[in-house]
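Remarks on the structure that follows.
The figures that follow rest on heavy atoms only: side chains count, while hydrogens, waters and symmetry mates do not. Each chain gets a letter, A, B and so on, in the order its sequence line appears, and its residues count up from 1. Worth saying up front: this structure is predicted, and the values here are computed from it rather than measured.
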Amino acid sequence: MTLLGEVEQLVLLAVLRLGESGYAVSIRDAIAERAGVRLSRGTVYVTLDRLERLGYVRSWFADPTPERGGKAKRYFALQRTGLAVLRENTRAVERLLQGTSLAAAKGRG
Amino acid sequence: MRLWLHLVPRAWRESVAGDLAEQGRTMAPLVRPIWVAWRVVEIAAVFAADRLRQRAGVRWIVRWPAEAIRDAHHGLRRWRGRPVFALAAIATIALSTGASTALFSMVDGVLLKPLPYPHADRLVQVNRTYPAWRTDPILAPSWERISLAWPEFFALQHARTLDLLAVRTSQLGLLSPSGEAAARELTVAVVSASYFELFGVRPIAGRFFDPRDDVEDRRVVLLDETLWKTRFGGDPSVLGRPLPLADGTRTIAGIVPASFKIGRWKADLWQPLSVTPASRRVDNDRNLEGVARLRDGVTLRQAEAEIDAMLRASFRYRGETGGRLTSFFDRQVAPVRTALLVLLGGALLLLVMACANVAGFLVGDAASRVHEMRVRAAVGAGRGRVVRQLLVETALLVGAGGVAGGLVAMWGVRGLVALAPASVPRLLEVTLDARVLAFAIASTAAAALLSGTIPAFVLARHAAASGSARVTSSRPVQAKLLVVQLAAGITLLAGAGLFVRTLQNLDRVDVGFARDHLLSARVALPQPLYTRPAQYQQYFERAEAAMAALPGVAAAAVTSGLPFATGRASTTIRLGDDAPGGARPIEAQRRFVSPGYFRVMELPIVAGRGFSPSDPIGGEVFAVVSRDMARRFWNGQALGKHFTQGPLQFVVVGIAGDVRDQTPGVEPMATFYISTIQRPPWPNMRVVARTSLPPAALASEARRALAAIDPAVPIENVETMETLVTTSLADQRYRAVLLGSLAAIAALLAAVGLYGAMARGVADRRREIGVRLALGARPAQVTRLVLGEAGRLVAIGGAIGVLGAIATARVSRQLLYGVGILDGWTLAIVALGAAVIAMAGGYVPARRASRLDPASVLRAE
């Protein structure tokens, strides 16, 4: 099983949520709104780049619009391998958590 | 934005651009581009860092700085715990980098920077040559340095290879007394109109000259800014006002900036050439200094060929003549180049020595750190890591030393400039600028590498050694470092010794007269008031009497040329038929003196007689010739011989001793003296007095007494002969003092380095020494053992150092006087210095070694 980094996991989950309409800006906003994590733009781009190279997501260009200064938009969507990796990683975390309760647990000082 | 986008990988450019455009829509149009550019850079940086992180080989770019910061903290803690060592190292580095930087800034300002004039690399000095002088032993050095005369100036203006030609000459002017201010002599520069354009000078107010002023006399003058401020209060309305001068009134046309100097030369007033048809008939002055700018693309040789041909074709009086061009820059700086480079070399040698010194201490320190290093090695720090750590720690010390060295350099430069003798040009351009800063940083970095690399590798080697192996401090490495220090130190000592000896030798030269207790003053009789020779005679008779009448003065006289004060003035005379070799023209120096001159100067008359107040006027003129002149032209039998100059007939009545009149190192010149009784003095003479009291004490009295004769006559340069001679040796003194200072620091460093090494050596060999003492060795033998080792190292280092000194002597041979490489005294100084270093460094450890209690040493093992 390949381990995902935390940032990679967040980005993949955001792509999952947004279906076929995820692009850099909306992915970043989604992570900020739902997860409360503020990633820098550069991190998002670099992570998407890496995920695409690994084959977990694929991207395509939509038509350019005047709002974007005549530049095309790049959309991202989850690939089957990406979905599989995501499932594996989240299940691993769930299995470790099973039987414990983060709410009741106490840490050592 | 388009520009910044190129920092982002190509595949992402469009979407990044679009995304940012979309998000920046709502921004104010002024802010948007800035925000977008900032975001693009931010994104590109993340891409770049990611790329770097992926490439394993380049990972160190990110890792090393983080480790270095950690090492720096560690190092600070370490040095804080050993303040004495740290401060000593910092001081050592500070002194040596400071000295090097200070000297470099001098070299940079004087030798390296281009001159501050437009197209300065194309400026050349224009001279005439007179090949016939090459065979004359006195005049030979000047055969291609002859100044121009105005006909040559006008002729050369047509030269095709020259862009611009200008000339300058100086003369004396007079500022009349006004109110409390006494009459003052001024330096007046007479220049062609092209002069200011050549040097890129613009008037502060008013105008400069135009080409009409070269050939017309429009009675104009320019004021120097300083004179304008002091005499006229900087009042702008002086323009157009008349200025009464010696040769008539001139109108003030402009102000020349005070910052305009050529080397050390400056003028108070500026007048145009004004070579009018009337003056052309009379004037044949040959003292115009010519400076020109080569046309773009023309080489010096090409222009010189043209100038030479032009002069050769047009001006042939007295025989063959030609032209010579020399780079203006070279003329300004060539005289001081060797000396400055030798001084810089000395400072750099000191820096190398300081690095070896610090390195030696660090190596010696290594033994105490081995345990720490072995722990590090055990947890996986590789050799490279250990080396890097030690380099960082060393860099902290050396860096601090470099910063302190900056302070040393600041004061050093100020001192160097303040004490610099008159021969050093361009002192205003010696500043601590960016280039000097770059040198300081580079030399500090080099010092850090030099000091740190060897100890770092030594320590890394120890750390890598297997667990319980006993560590001895690396004696061979320390010995080599010590030898380097000693060699450098001996070189510096010997080099300084050469220059100090040179100064001593020059100071002891017999100048031919008694130079103590002599006071002199220069008087230049101003033109409109004094025009007839009889007036000159009368004035100087009164001046001589006034000086002689002063209490504390034994006798007084006047002369047209005072040794060490007046420059050489050669003139042509024609030997009579009674000269061996026959009648012919020769060059000799001429001096007009009053009869008391020889007595006042204590200049011996070795044959015949001097002058007397009762010498007849009219008829043959009596001449006293110098011994050199008698030998050169009459085989020593000069008495009764004849020579002529124009209509005048001379007969030799006496031979006087030779006088060194320029600097003590320059050979005397053939000179003949004429009595002011028989021929009238010039308007420009020196009054000189032999005093029974210290002459400096009489200076103000003398000035007052002379000024009382005629307040309108300026009295200048009231000084003692000792001062004049001392000033003539200013160059040699500067070098000797600077090199001596470097040598003193070096000797101290060498002694400290030797002491440290010896002390550690004794500490390391405690056991061996303990055993020896227990077996019956006497303490004296132990002392001898330790000192012997010190002595051996000093001998090796000294031998190398002497080689270095020989090299120095060869390089600087034109700067030395009376010292050969194997100069007995210098070698003695070096040997003594080496012995002192050995004793100073080795003595205490040797004593301590001999006092070891063998029982306690052996027990401790």
_Testing the basics here: between B/Ser15 and A/Arg74, what is the closest heavy-atom pair and its distance to 0.1 Å?_
CB-CB, 3.6 Å
What's the separation between atom [atom1] in [X] and atom [atom2] in [Y], rounded to the nearest 0.5 Å?
| X | Y | atom1 | atom2 | answer |
| --- | --- | --- | --- | --- |
| A/Asp49 | B/Phe47 | CG | CZ | 5.5 Å |
| B/Glu42 | A/Tyr45 | CD | OH | 11.0 Å |
| A/Thr47 | B/Asp50 | OG1 | CG | 8.0 Å |
| B/Arg13 | A/Lys71 | CZ | NZ | 11.5 Å |
| B/Asp19 | A/Arg41 | CG | CZ | 9.0 Å |

Is the [atom1] atom of [X] crowded by more than 12 outside heavy atoms at less than 6.0 Å?
| X | atom1 | result |
| --- | --- | --- |
| B/Trp38 | CH2 | no |
| A/Arg58 | CZ | yes |
| B/Leu30 | CG | no |
| B/Arg82 | CZ | yes |
| B/Arg51 | CZ | yes |
| B/Phe439 | CZ | yes |

*asked:* Taking side chain as everything from C-beta outward and backbone as N, CA, C, O, which of these in B/Glu14 sits under 4.5 Å from a heavy atom of chain A? Side chain, backbone, both or neither.
replied: both
*Heavy-atom contact with chain A under 4.5 Å, split by part of B/Val16*: both
